[in-house]
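Atoms within a ligand are numbered from 1 in the order they appear, just like the ligands themselves. These numbers come from a predicted model, not from an experiment.
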Amino acid sequence: MSDARPGHPALQVRALNKSFGTFKVLTDIDLSVDQSEMVFVLGPSGSGKSTMLRCCNRLEEPDSGEILVGGAPLTGSGVNLNAMRQRIGMVFQSFNLYPHLTALGNVTLALRRVQKLPRETAEAAAREALDRVGLADRAGHHPAQLSGGQQQRVAIARALALRPEVMLFDEPTSALDPELVGDVLAVMRDVKAQGMTMLVVSHEMKFARDAADRVIFMDGGRIVEQGTPEQVFGAPREARTRAFLGRLH
Ligand code: ADP
Ligand code: MG
């Protein structure tokens, strides 16, 4: 199980570099997220945020550098990638639910496939996860019968059910109508309150101010600046951060 402890890095990214062809997307990314910390990643479109997240569970293959989860390497030869990936949950902008399965079916399938659980055990764990995101009463609904916010909460439940040590969120509310954003953010806040380690790409600035422990600003594939939300939003040190934040208002 988890070998991470409070005050210790749950996720470490060391000297990560990534190119697509001749285009350098990520340059010397160093990042450490402590157990139970919520770190927000901001930056303009194309700055490499999604690629960085995808490298963290090797959906993209880093060119060089190291990724460690709970101190154990995810990169390098001899890594059991499936076992390691179970330790990192990911939630995408597009919910990626199976339309022909119910909410319960979507979460159960992940548990059966990834953890090879028997149906009854998987269903019990799936119901518990749906309950954690406030959707116990929607277990039998298909995605088309759920709002976008509810679909994203099913996707969060699917990730939670696998009991990851770290969760990555890539613009989890960007595809939602404004009135549905709050419910998803409330679930994320609950997940954090329960001690989850979270690395979140999002432009929800108010949420970042309220909930993030640390904010990172990326530009051109580099981490340009980081600090507490008070520092980064209140007194950004870098001109590029100021320009980016200025454009959001
Ligand atoms: P962000 O999430 O910050 O908007 P991305 O990580 O998605 O940025 O993309 C960073 C840059 O890498 C962009 O210029 C994008 O076009 C490019 N890119 C992303 N994925 C690929 C890919 N699979 N092949 C080629 N270029 C890509
Ligand atoms: Mg992106």
Side-chain angles (χ1 to χ4, degrees), residues 11-33 38-67 69 74-75 81 85 88-97 148-149 151-152 155-156 158-159 164 166-178 180-181 184-185 188 197-209 211-212 214-227 229 232-233 236 238-249:
L11 175 68
Q12 285 167 279
V13 177
R14 293 183 184 155
L16 172 65
N17 284 276
K18 175 70 180 172
S19 298
F20 290 115
T22 57
F23 180 61
K24 190 88 192 279
V25 184
L26 297 173
T27 303
D28 296 334
I29 299 287
D30 282 298
L31 171 63
S32 180
V33 185
M38 184 196 268
V39 175
F40 245 70
V41 182
L42 310 175
S45 181
S47 57
K49 305 180 298 296
S50 293
T51 305
M52 183 183 76
L53 284 197
R54 292 167 61 82
C55 283
C56 285
N57 63 0
R58 285 182 62 188
L59 284 176
E60 293 291 354
E61 201 56 38
D63 294 339
S64 64
E66 280 185 302
I67 312 287
V69 182
L74 184 67
T75 41
L81 196 54
R85 276 203 183 123
I88 310 178
M90 186 145 182
V91 175
F92 302 89
Q93 176 177 342
S94 54
F95 328 118
N96 301 344
L97 300 177
Q151 290 181 53
Q152 187 60 297
I156 293 172
R158 177 178 57 188
V166 177
M167 284 179 76
L168 311 173
F169 292 81
D170 194 357
E171 304 207 25
T173 60
S174 296
L176 301 177
D177 292 334
L180 303 176
V181 168
V184 171
L185 297 181
M188 290 172 65
T197 304
M198 300 162 82
L199 184 59
V200 181
V201 174
S202 167
H203 296 301
E204 293 292 335
M205 297 300 156
K206 186 170 178 301
F207 182 66
R209 273 181 190 267
R214 188 148 51 96
V215 173
I216 285 175
F217 176 70
M218 282 181 70
D219 194 20
R222 294 175 189 268
I223 293 178
V224 171
E225 164 157 19
Q226 59 177 307
V232 173
F233 295 124
E238 299 291 329
R240 280 183 285 178
T241 316
R242 283 196 294 275
F244 174 77
L245 293 173
R247 281 199 298 277
L248 292 178
H249 299 299

* Asked: Are E238 and T241 close enough that a side-chain donor and a side-chain acceptor fall under 3.5 Å?
  -> no
* To do: Verify whether one side chain among D219 and S47 offers a donor that lies under 3.5 Å from an acceptor in the other.
  => no
* Option with minimal heavy-atom separation from atom 3 (O) of ligand 1, where the choices are K49, K18, E60 -> K49
* For atom 8 (O) of ligand 1, grab the closest protein heavy atom and report residue, atom and distance to one decimal in Å. => G48 N, 3.2 Å
* Asked: Between the Mg ion (ligand 2) and Q93, is there an N, O or S atom separated by less than 2.8 Å?
  -> no
* Structure fact -> Here the atoms of ligand 1 under 4.0 Å from any heavy atom belonging to V25 are 10 (C), 11 (C), 12 (O)
If I apply the N/O under 3.5 Å rule, does [X] come out as touching ligand 1?
| X | result |
| --- | --- |
| T51 | yes |
| F23 | no |
| F20 | no |

* To do: Hey, could you give me the CG/CZ distance between D30 and R14, rounded to the nearest 0.5 Å?
  => 9.0 Å
* Within-shell test, G43 vs ligand 1, heavy atom, strictly < 4.0 Å -> no
* At the 4.0 Å heavy-atom cut-off, does P44 count as touching ligand 1? -> yes
* Asked: Can you name the closest pair of heavy atoms from P172 and Q152 and give their distance?
  -> O-NE2, 2.9 Å
